[in-house]
Amino acid sequence: MKKIKVPVFLVTALAAIYQLSPFIGFNKQLIFLLFLILPFAMILMVYRILKDGTPTEKTWEEYFYEDYAYKRSGREEMLKE
């Protein structure tokens, strides 16, 4: 999990800088460069999360949320009908 914190933080910071760049006063060339870099950074971040992230033991059929132990209700009744 520690491996993916740095890419997530960096890409989030890059996206925030891109969103705030017109208000900060960046020139148009730098804003355009950020516009070109950000999709590739996002793809690399997703790749790192999928590659280095830890899979969960929870299944979609049992749990609706990953981060909260909320069990699904009504699933068995739907399958019986």
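Both backbone and side-chain heavy atoms feed into the values below; hydrogens, waters and symmetry mates do not. This chain uses plain numbering: 1 for the first residue, then up along the sequence.
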Review point. Do you know the tightest heavy-atom contact between L14 and A41?
Key: CD2-CB, 4.1 Å
Practice item. Each residue besides F9 in its hydrophobic cluster should be listed here, by chain and number; the cluster joins Ile, Leu, Val, Met, Phe, Trp and Tyr at side-chain heavy-atom distances under 4.5 Å. Key: V6, L10
Using a 3.5 Å cut-off and no angle test, enumerate the donor-acceptor pairs between side-chain atoms of residues 25-36 and protein atoms at least two apart in sequence or in another chain.
unit_1 : atom_1 : unit_2 : atom_2 : d
N27    : OD1    : L30    : N      : 3.0

Exercise for review: Output the rest of the hydrophobic cluster of I43: all Ile, Leu, Val, Met, Phe, Trp and Tyr residues reachable through side-chain heavy-atom contacts under 4.5 Å, sorted by chain and number.
Suggested key: none
Practice item. Just grab all the side-chain hydrogen bond (donor to acceptor under 3.5 Å, both in side chains) pairs involving residues 12-23, residues at least two apart or on different chains. Key: none
Point to revise | Pairs meeting criterion side-chain hydrogen bond (donor to acceptor under 3.5 Å, both in side chains) with involvement of residues 32-49, two or more places apart | key: R48-D52
Study note, to complete from the structure: Rounded to the nearest 0.5 Å, the CG atom of L50 sits from the CD1 atom of I4 at a distance of 9.5 Å
Point to revise | Transitive ILVMFWY side-chain link I37 to I17, under 4.5 Å | key: yes
Study note, to complete from the structure: Cluster membership besides F40, Ile/Leu/Val/Met/Phe/Trp/Tyr side chains within less than 4.5 angstrom, sorted by chain and number, is none
Review point. Does V8 share a hydrophobic cluster with V11, counting links as ILVMFWY side-chain heavy atoms below 4.5 Å and allowing steps through other members?
Key: yes
